[in-house]
Amino acid sequence: MSKQAAALIALQIKRKPDSVLGLATGDTPLLMYQELVRIYQKGELDFSKVKTFNLDEYLGLEKEDPQSYFYYMKEQLFRHINIQPENINIPNGMAQDRNLECSSYEAKIKETGGIDLQVLGIGVNGHIGFNEPDKNFEALTHVVSLDEKTIISNARFFESMKEVPTKAISMGIKTIFHAKKVVLLANGETKAKAVAKMVRGKIIPKVPASILQLHKDVTIVVDQEAGQLLQKNEIHR
Ligand code: GLP
């Protein structure tokens, strides 16, 4: 799964060295980032002109906090490759004016000409980025209150439940949808239901990832466990 996904990203960068990548965090893309680093270290990939925009960041965590997505990206990818620091974009979880942070982030993505390839994971509840199940699809980069399921799922990275952030800044569904290509990764049995609903279920804001059924260029890369309910060819409502 990770090698396939890394190969798609590598191909994108080879075809367009100044690609704008949308990046995801979480457990799922960890080995994909390792694979990209490996390809880079072999001298087969050049990130010098690549620009990146991360999907989301927790509110209230400093960049240096080991649980922040900024720290994750630095450790898992950026410090190992030749990306220019000024080409890295991650929402600032400590911004004084959160709404301004959201609109500037959105504007900056637009300025670059838009995201060429967006990497996504999927939450157990079908979220993408931090677009949680809701009554509506939230369009642009916004402040989110995290779903209980997400908070519980993220608790594994923190020492106590009290420390788990309850809010984040996330790209919106429209922001993600505007990416020219989307590559979504999912592994493990816990993601099987969300994957099946995303692919075969109704397109509803209760399953934010289901909107991807309407996107013109999506590649979903799953391992056997995450894809197990797809094989049965069932409709998931
Ligand atoms: C997190 C992130 C998402 C990620 C998802 C799955 O909360 N905000 O971008 O895709 O949940 O995470 P994991 O890959 O750890 O299962």
Side-chain angles (χ1 to χ4, degrees), residues 1-2 4-6 9 21-36 52-61 65-73 75-77 89-93 102 105 109 115 117-134 137-138 141-158 161 163-173 175-177 179 182-199 207-212 218-223 225-227:
M1 182 197 72
S2 305
Q4 295 245 7
I9 297 174
L21 301 179
L23 297 178
T25 51
D27 277 341
T28 313
L30 280 173
L31 292 178
M32 178 196 78
Y33 289 134
Q34 269 182 34
E35 179 64 11
L36 280 174
T52 63
F53 285 88
N54 262 74
L55 275 169
D56 44 20
E57 178 60 284
Y58 289 121
L59 276 184
L61 296 191
D65 190 307
Q67 304 305 340
S68 77
Y69 287 166
F70 186 93
Y71 189 90
Y72 169 107
M73 288 308 302
E75 287 304 306
Q76 302 305 330
L77 183 65
N89 299 280
I90 302 181
N92 176 8
C102 294
Y105 201 67
I109 297 175
I115 292 168
L117 187 155
Q118 175 69 56
V119 178
L120 293 177
I122 183 167
V124 284
N125 60 4
H127 76 216
I128 45 178
F130 268 136
N131 290 277
E132 299 284 26
D134 207 344
F137 289 112
E138 188 82 38
T141 302
H142 58 291
V143 173
V144 220
S145 296
L146 302 180
D147 198 77
E148 205 187 318
K149 266 196 184 166
T150 305
I151 296 173
I152 292 170
S153 165
N154 290 344
R156 66 191 192 275
F157 301 112
F158 294 84
M161 205 63 194
E163 287 173 40
V164 191
T166 56
K167 284 186 190 296
I169 291 182
S170 175
M171 279 186 197
I173 291 292
T175 329
I176 295 170
F177 208 77
V182 173
V183 176
L184 184 142
L185 283 79
N187 64 331
E189 207 180 344
T190 55
K191 301 290 173 72
K193 270 196 185 150
V195 168
K197 284 186 177 174
M198 157 176 72
V199 177
V207 184
S210 63
I211 194 88
L212 295 174
V218 183
T219 306
I220 295 174
V221 192
V222 290
D223 68 355
E225 287 74 21

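Just follow the structure's listing: the first ligand is 1, and inside any ligand the first atom is 1.
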Quiz prompt | Identity and distance of the protein heavy atom lying nearest atom 12 (O) of ligand 1 | solution = G26 CA, 4.1 Å
Exercise. Answer yes or no: are there more than 12 heavy-atom neighbours, outside E163 itself, under 6.0 Å from its atom CD?
Key: yes
Self-check item: Nearest neighbour in protein (non-hydrogen) for atom 16 (O) of ligand 1
Solution: K191 NZ, 2.6 Å
Practice problem: Could you tell me which atoms of ligand 1, counted from 1 in the order shown, lie closer than 4.0 angstrom to a heavy atom of N154? | Solution: 7 (O)
Quiz prompt | Spacing of L55 atom CG and Y69 atom OH [to the nearest 0.5 Å] | solution = 9.5 Å
Quiz prompt | Other residues, nucleotides, ligands: >12 heavy atoms within 6.0 Å of E75 CD | solution = yes
Self-check item: Polar contact flag, side-chain donor to acceptor under 3.5 angstrom, Y58-D65
Solution: no
Exercise. Give a yes/no on ligand 1: does M171 have at least one heavy atom closer than 4.0 angstrom to it?
Key: no
Quiz item: Numbering the atoms of ligand 1 from 1, which are under 4.0 Å from a heavy atom of G129?
Solution: 2 (C), 3 (C), 8 (N), 9 (O)
Quiz prompt | Side chain to side chain, M198 and L184, heavy atoms closer than 4.5 Å | solution = yes
Quiz item: To the nearest 0.1 Å, how far is atom 8 (N) of ligand 1 from its closest protein heavy atom, and which atom is that?
Solution: D56 OD2, 2.8 Å
Quiz item: Of L36, L31, L30, which is the lone residue that meets side chain to side chain contact (heavy atoms under 4.5 Å, CB included) with Q34?
Solution: L31
Quiz item: Donor-acceptor pair, N131 side chain versus M171 backbone, under 3.5 Å?
Solution: yes
Quiz item: Tell me, which protein residue and heavy-atom name are nearest atom 11 (O) of ligand 1, and how many Å apart are they?
Solution: H127 NE2, 3.0 Å
Self-check item: Under 3.5 Å donor-acceptor, N187 side chain and E225 backbone
Solution: no
Quiz item: In terms of residue, atom name and distance, what is the protein heavy atom nearest to atom 2 (C) of ligand 1?
Solution: Y69 OH, 3.7 Å
Exercise. Indicate yes or no: does an N/O atom of T28 lie under 3.5 Å from an N/O atom of ligand 1?
Key: yes
Practice problem: Note the single closest protein heavy atom to atom 7 (O) of ligand 1, along with its residue, its atom name and the distance in Å. | Solution: F130 CE2, 3.0 Å
Quiz item: Which residue holds the protein heavy atom closest to atom 4 (C) of ligand 1, what is that atom called, and what is the gap in Å?
Solution: T25 O, 4.0 Å
